[in-house]
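Below is one structure; the comments refer to it alone.
It should be emphasised that the depicted structure is a prediction, and the values quoted were computed from it without experimental measurement. Scope of the values below: all heavy atoms of this structure, side chains included, with no hydrogens, waters or symmetry mates.
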Amino acid sequence: MDTRLNVTYITFDGHVEVQTYRYLYFVIMFTAYIIIICSNFTIVYIIVIHKSLHEPMYIFIAALLINSVIYSTAIYPKLLIDFLSEKQIISYSACLIQWFTYYSLAGSEFFLLSVMAYDRYVSICKPLQYQTIMRKATVIISLILAWILPACQISVPMIVSANKKLCSFILKGIICNSTVHTLHCVSSRVLNIYGLFIFVSAVLLPLLFILFTYIRILIISYESSKAVRRKAAQTCLPHLLVLINFSCLSAYDVLLVRMETEFPRTVRLIMALQMIMYHPLFNPIIYGLKMKEIFKHLKRLFCKSH
């Protein structure tokens, strides 16, 4: 396939007002990108420099926040260029790379949330065995698998898609996500089946596992002391909020292409903004405000700066 092939990239469905206010949109998006990088890396920095936070739970949170920065970096530079350009175009190969990054990091997020749920389960339900189960080697292996497994899964459809013949050159939206498949001349049954396999293994199974662990935590906490219930609420609530938020966005992405649903322009715009702005900012805000130890160090950091 000709790698110089360009896909017309319609920003916000290509409406005229984008051209009129593109400099304003550029400033807003550039500001959002800087805030995303600063907010995520601030919490990562706090976790790195404070030895009291060198625990599995906080290490997984740092990995989750690094994911958000990489995810944003795969989207924002191209988006910012689009706002300063008369025409929004992207090569098919670059689109596939963005698509690969988008979905491999999404798989990593579900994997990390699963490991975090298990970490909380062991901490609350099996506290005497925690040090034995959640060893340093376990944490390192979990982190490696969280990035390698989803990348390997997503690389297969990316390679197959790279050799597919294109009949459409208009990609609706602002990022290269599942709508890339609408460009192909013939819908691949193999890709659809494999996509379903990825959805089950990378999304559905981790989601069921997380729900199972939190149900177990809820049962144990209910039968335990008030201190255990407080600990469970303080550490599990942020994870649950992040999980619910990310699951809703993932469900929209699946509906977007699998059910071939035509969403209204306003809905597409709101969901697109949630994916590129709201979600990368949601994680540091939730973990910064809801995790007691992180919030304590954040207050100290900002008090020193003043």
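If you take CD1 on Ile286 and CD1 on Ile61, they are separated by 11.5 Å, rounding to the nearest 0.5 Å. With rounding to the nearest 0.5 Å, the separation of CZ in Arg216 from NZ in Lys126 is 8.5 Å. For the atom pair CG (Leu196) and CG (Leu204), the distance works out to 9.5 Å, reported to the nearest 0.5 Å. Taken from OG in Ser108 to CD1 in Ile154, the straight-line distance is 9.5 Å, to the nearest 0.5 Å. Summarising the geometry, atom CZ belonging to Phe111 is positioned 5.0 Å from atom CG belonging to Leu145; distances are rounded to the nearest 0.5 Å. To the nearest 0.5 Å, atoms CD1 (Ile285) and OH (Tyr278) are separated by 8.5 Å.
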Inset, instruction - Carefully, step by step, assess Met291 and Met57 under the rule side-chain contact (heavy atoms from CB on, under 4.5 Å). - result: CA-CA 11 Å; Met291 299 299 289; Met57 177 176 65; 3.5 Å; yes
Legend entry - Stepwise side-chain contact (heavy atoms from CB on, under 4.5 Å) check, Tyr76 with Ile36: CA-CA 11 Å; Tyr76 273 88; Ile36 287 168; 3.6 Å; yes
Legend entry - Trace of the side-chain contact (heavy atoms from CB on, under 4.5 Å) decision for Cys176 with Ile90: CA-CA 9 Å; Cys176 294; Ile90 184 170; 4.1 Å; yes
Inset, instruction - Decide yes or no on ring-ring contact (aromatic ring centres under 6.0 Å, His included) for Phe83 and Tyr23, but give the supporting numbers first. - result: CA-CA 7 Å; Phe83 283 124; Tyr23 296 112; over 10 Å; no
Legend entry - Residues Ile49, His297; criterion side-chain contact (heavy atoms from CB on, under 4.5 Å); working and verdict: CA-CA 10 Å; Ile49 64 170; His297 290 295; over 6 Å; no
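Within the structure, the side chain to side chain donor-acceptor pair (under 3.5 Å) test picks out the following pairs touching residues 195-212 (sequence neighbours left out): Gln153-Ser201. For residues 36-65, no pair satisfies disulfide bond (SG atoms under 2.5 Å apart), with sequence neighbours left out.
Ile81 and Ile276 are assigned to two separate hydrophobic clusters, defined by single-linkage of ILVMFWY side chains at heavy-atom distances under 4.5 Å. Cluster membership for Ile148 and Ile159, using ILVMFWY side-chain heavy atoms within less than 4.5 angstrom, is not shared. The hydrophobic clustering, which links ILVMFWY residues whose side-chain heavy atoms are closer than 4.5 Å, places Ile220 and Ile215 apart. Cluster annotation: Ile124 and Leu211 are assigned to distinct hydrophobic clusters (Ile/Leu/Val/Met/Phe/Trp/Tyr, side-chain heavy-atom contacts under 4.5 Å, transitive). In the hydrophobic clustering of ILVMFWY residues, with side-chain heavy atoms under 4.5 Å counting as a link, Phe197 and Val190 come out apart.
Closest non-hydrogen pair, Leu96 versus Met158, comes out as O-SD, 3.8 Å. The two residues Leu207 and Ser247 have their closest heavy-atom pair at CD1-OG, 3.6 Å. Residue Ile75 comes nearest to Gln98 through the heavy atom pair CA-NE2, 3.8 Å, listed as atom of the first residue, atom of the second, then distance. For Ile198 against Pro157, the heavy-atom pair with the smallest separation is CD1-CG, 4.2 Å. Taking all atoms of both residues into account, the shortest heavy-atom contact from Ala151 to Ser104 is CA-CB, 3.9 Å. The two residues Ser161 and Tyr92 have their closest heavy-atom pair at O-OH, 2.8 Å.
Under the 30°/60° scheme for interplanar angles, the aromatic rings of Phe30 and Phe26 are found to lie parallel. Using bins of under 30°, 30° to 60° and over 60° for the plane-to-plane angle, the ring pair Tyr71/Tyr102 lands in the tilted bin.
Checked by atom type and distance alone, the side chain of Ser68 never pairs as donor or acceptor with a backbone atom of His279 at under 3.5 Å. Remark: side-chain polar atoms of Asn40 are paired, donor with acceptor, to backbone N or O of Pro280 under 3.5 angstrom. Checked by atom type and distance alone, the side chain of His54 pairs as donor or acceptor with a backbone atom of Ile47 at under 3.5 Å.
Between Ile144 and Ile140 there is a side-chain heavy-atom pair separated by less than 4.5 Å. The shortest distance between side-chain heavy atoms of Pro56 and Tyr130 falls below 4.5 Å. At a threshold of 4.5 Å between non-hydrogen side-chain atoms, the residues Thr213 and Arg120 do not count as touching. Put simply, the side chain of Ser39 reaches to within 4.5 Å of the side chain of Leu281, judged on heavy atoms. Between Phe60 and Leu113 the shortest side-chain heavy-atom distance does not fall below 4.5 Å. Counting only heavy atoms from C-beta outward, the side chains of Leu205 and Phe110 never approach each other to under 4.5 Å. Taking 4.5 Å as the limit, some side-chain heavy atom of Val242 sits within range of a side-chain heavy atom of Glu109. Contact check for Tyr103 versus Pro150: no side-chain heavy atoms found under the 4.5 Å cut-off.
The side-chain contact (heavy atoms from CB on, under 4.5 Å) check on Ala63 picks up Leu112, Leu143, Trp147, with sequence neighbours excluded.
Surrounding NZ of Lys296 are more than 12 heavy atoms belonging to other residues, nucleotides or ligands, all under 6.0 Å away.
In summary, the aromatic rings of Phe212 and Phe209 are positioned with their centroids too far apart to meet the 6.0 Å limit.
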